[in-house]
Amino acid sequence: MLMNNNDDLFFTKSQLDRIIEKYPTPFHLYEEKGIRENARKLNKAFSWVTGFKNHFAVKACPNPYIIKILKEEGQGVDCSSLPELLLAEKLGFRGEEIMFTSNDTPPEEFRKAFELGAIINLDDITHIPFLEQSAGIPELICFRYNPGHLRKTSEGNVIGKPEEAKYGLTKNQLLEAYRIMKDKGVKRFGLHTMVASNELNPEAFVETARMLFNLVKEISDTLNIRFEFVNLGGGIGIPYKPEQKEVDLNYVSKEIRNLYNDNIVTNNLSPLKILMENGRMVTGPHGYLITKAIHTKSTYKEYIGVDASMANLMRPGMYGAYHHITVMGKEESPNDHTYDIVGSLCENNDKFAIDRKLPKINTGDILAIHNTGAHGYAMGFNYNGKLRSAEILMHEDGTVELIRRAETTSDYFATLDFPEASIRMNSEHTN
Ligand SMILES: *Cc1c(COP(=O)(O)O)cnc(C)c1O
């Protein structure tokens, strides 16, 4: 029988009970300490790189309280939409602290990124004239490489095979794109790729670095340009399952350092900064979805109905992803029941767990769903009239702060105007 894997909980049952008295379930609970430690671990692993920066992928956890913590830890941001750019701007990120990695980008988003002086990372060769017309040609340009069949992906990787991914340029397009930019007078260049997501195999990141270092050499030689940075993308996975192990960052760093010396330093291509844009590995393990069992149902299977739904955590329903579950106060009880843990959406994939071995659950029990700190709240939606939950942050001294309130039905009606039934927009929309 598997262990409960609850040794990493940063809260006790009684702490949680006190929080719930004030803030009803469901909510996401984040831990400041763990997030800071994680950010430091990443920086430390790559401290040999001058100018190493992780640009936190805002989409993973777009809450300003969380991103402010990461800013304090020296991270930049990776944005891919106008609201994400605005969030970054409001938080005081400036210029090249912001990476803008978008795809299928509307012109106003390019304009905003350009205005902020963000590093613009183009997803396609046709985006060159599009960017030029909508905003202009920036001083520094980056392109996203798609290696196609040259790279394979491993199981659990939610991004899919590179040759089937909509992102990035082929190698020939890349050479042409940098040449065009050089001809337009651009002198500062970066190269980006993102081929992995939720990847636990450390070799994948070493391989990505090798691929980009080789490409930097080839493009620099061919076009006689100099690269300032490579961005290895995000995608460092986290051990969602008890038997999985986290990526050994020190190993990845050491291997990349060897490659850097052999391929970059030796070829007189240094200094070359190394950037990353991880979201998941930074905040993922330090968030939990806290939810209460409100129904037990016994038909052809045993069900536990909780007060959260897929609207609060879509990964299980969308990817069949595993999220570990701890039944609070029953950590030491045997896992002698088999349950489907379900939400209230009228969709049968609204299940947080299927055939999960757990201790006996009664209504009123509190369940902590692990690893929801990234791509959890963020993927929320309102389908079926479901409302997004609150987000709560536990500070290093153990106090908690409501960092986003739960949605109410007036939020749900906020964008409507139907006077007949007194349904009104609750504000003019502002930009
Ligand atoms: C989603 C995304 C990331 C972050 O991915 P994680 O798995 O959270 O590390 C980084 N860069 C780009 C371009 C992305 O789309």
Scan side-chain atoms only and decide if [X] and [Y] contain a donor-acceptor pair under the 3.5 Å cut-off.
{"X": "T372", "Y": "H323", "value": "no"}
{"X": "E347", "Y": "Y383", "value": "yes"}
{"X": "S309", "Y": "K386", "value": "no"}
{"X": "E277", "Y": "H192", "value": "yes"}
{"X": "N172", "Y": "T170", "value": "no"}

For the side chain of [X] and the backbone of [Y], is there at least one donor-acceptor N/O pair under 3.5 Å apart?
{"X": "T296", "Y": "I304", "answer": "no"}
{"X": "E401", "Y": "I403", "answer": "no"}
{"X": "N38", "Y": "G34", "answer": "no"}
{"X": "N103", "Y": "D123", "answer": "no"}
{"X": "D350", "Y": "S344", "answer": "yes"}

Do [Y] and [X] meet the salt-bridge criterion of a basic N to acidic O distance under 4.0 Å?
{"X": "D340", "Y": "R356", "value": "no"}
{"X": "E37", "Y": "K41", "value": "no"}
{"X": "E73", "Y": "R40", "value": "yes"}
{"X": "E115", "Y": "K112", "value": "yes"}
{"X": "R94", "Y": "E89", "value": "no"}

Criterion ring-ring contact (aromatic ring centres under 6.0 Å, His included) on Y30 and Y288, from CA distance to verdict: CA-CA 7 Å; Y30 306 104; Y288 288 77; 9.8 Å; no

Looking only at non-hydrogen atoms, find the nearest pair between [X] and [Y] and report the distance.
{"X": "A374", "Y": "R280", "value": "CB-CA, 3.5 Å"}
{"X": "P285", "Y": "N371", "value": "CA-OD1, 3.3 Å"}
{"X": "G148", "Y": "P162", "value": "O-CB, 3.4 Å"}
{"X": "L275", "Y": "G51", "value": "CD2-O, 3.8 Å"}
{"X": "T408", "Y": "D411", "value": "N-OD2, 2.8 Å"}
{"X": "N335", "Y": "P359", "value": "OD1-CD, 3.2 Å"}

Verdict with supporting geometry, D355 and K301, salt bridge (charged side-chain N to carboxylate O under 4.0 Å, His left out): CA-CA 9 Å; D355 297 329; K301 299 183 87 172; 3.0 Å; yes

Are the ring centres of [X] and [Y] closer than 6.0 Å?
{"X": "F143", "Y": "F189", "value": "no"}
{"X": "Y251", "Y": "F205", "value": "no"}
{"X": "F413", "Y": "F418", "value": "no"}
{"X": "Y240", "Y": "H324", "value": "no"}

Derivation of the side chain to side chain contact (heavy atoms under 4.5 Å, CB included) call for N231 and L191: CA-CA 6 Å; N231 182 332; L191 173 62; over 6 Å; no

Ring-face cation of K71 near F93 (centre distance under 6.0 Å, axis angle within 45°):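 The answer is yes; both the distance and angle limits are met.
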
Side chain to side chain contact (heavy atoms under 4.5 Å, CB included) between I256 and V252, worked out: CA-CA 6 Å; I256 292 182; V252 172; 3.7 Å; yes

Within a strict 4.5 Å, meaning less than it, do heavy atoms of the [X] and [Y] side chains meet?
{"X": "I128", "Y": "I125", "value": "yes"}
{"X": "L16", "Y": "I290", "value": "yes"}
{"X": "Y377", "Y": "S389", "value": "yes"}
{"X": "T193", "Y": "N146", "value": "no"}
{"X": "M194", "Y": "Y167", "value": "no"}
{"X": "V77", "Y": "C79", "value": "yes"}

Parallel, tilted or perpendicular: ring planes of F130 versus H127, cut at 30 and 60 degrees: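 Because their plane-to-plane angle lies in the 30° to 60° range, the rings of F130 and H127 count as tilted.
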
Contact list for residues 331-359, test ring-ring contact (aromatic ring centres under 6.0 Å, His included), sequence neighbours left out: H337-Y339

Full working for side chain to side chain donor-acceptor pair (under 3.5 Å) between N312 and R388: CA-CA 6 Å; N312 309 114; R388 292 181 188 81; over 6 Å; no

Evaluation steps, ring-ring contact (aromatic ring centres under 6.0 Å, His included), between H295 and Y303: CA-CA 8 Å; H295 293 286; Y303 295 99; over 10 Å; no

Verdict with reasoning, I274 to F213, per side chain to side chain contact (heavy atoms under 4.5 Å, CB included): CA-CA 10 Å; I274 297 175; F213 291 163; 4.0 Å; yes

Heavy atoms from other residues, nucleotides or ligands near CG of N348 exceed 12 (cutoff 6.0 Å): no

From CA spacing to verdict: side chain to side chain contact (heavy atoms under 4.5 Å, CB included), F227, Y178: CA-CA 11 Å; F227 279 87; Y178 285 107; 3.6 Å; yes

Criterion salt bridge (charged side-chain N to carboxylate O under 4.0 Å, His left out) on D365 and K330, from CA distance to verdict: CA-CA 9 Å; D365 279 349; K330 298 187 175 174; 2.6 Å; yes

Under the side-chain hydrogen bond (donor to acceptor under 3.5 Å, both in side chains) test, residues paired with D104 that sit two or more places apart: none

Those residues that, when tested against Y145, pass side-chain hydrogen bond (donor to acceptor under 3.5 Å, both in side chains) (two or more places apart): none

Step-by-step side chain to side chain donor-acceptor pair (under 3.5 Å) determination, E109 to T105: CA-CA 7 Å; E109 303 201 347; T105 315; 5.6 Å; no

Side chain to side chain donor-acceptor pair (under 3.5 Å) evaluation trace for E163 with H149: CA-CA 6 Å; E163 69 264 40; H149 66 277; over 6 Å; no

From CA spacing to verdict: salt bridge (charged side-chain N to carboxylate O under 4.0 Å, His left out), E391, R405: CA-CA 7 Å; E391 294 181 288; R405 68 161 171 81; over 6 Å; no

E72/K68 under salt bridge (charged side-chain N to carboxylate O under 4.0 Å, His left out): CA gap, chis, key distance, verdict: CA-CA 6 Å; E72 287 164 7; K68 180 170 172 266; 3.3 Å; yes

From CA spacing to verdict: side chain to side chain donor-acceptor pair (under 3.5 Å), Y412, E407: CA-CA 8 Å; Y412 184 75; E407 282 180 343; over 6 Å; no

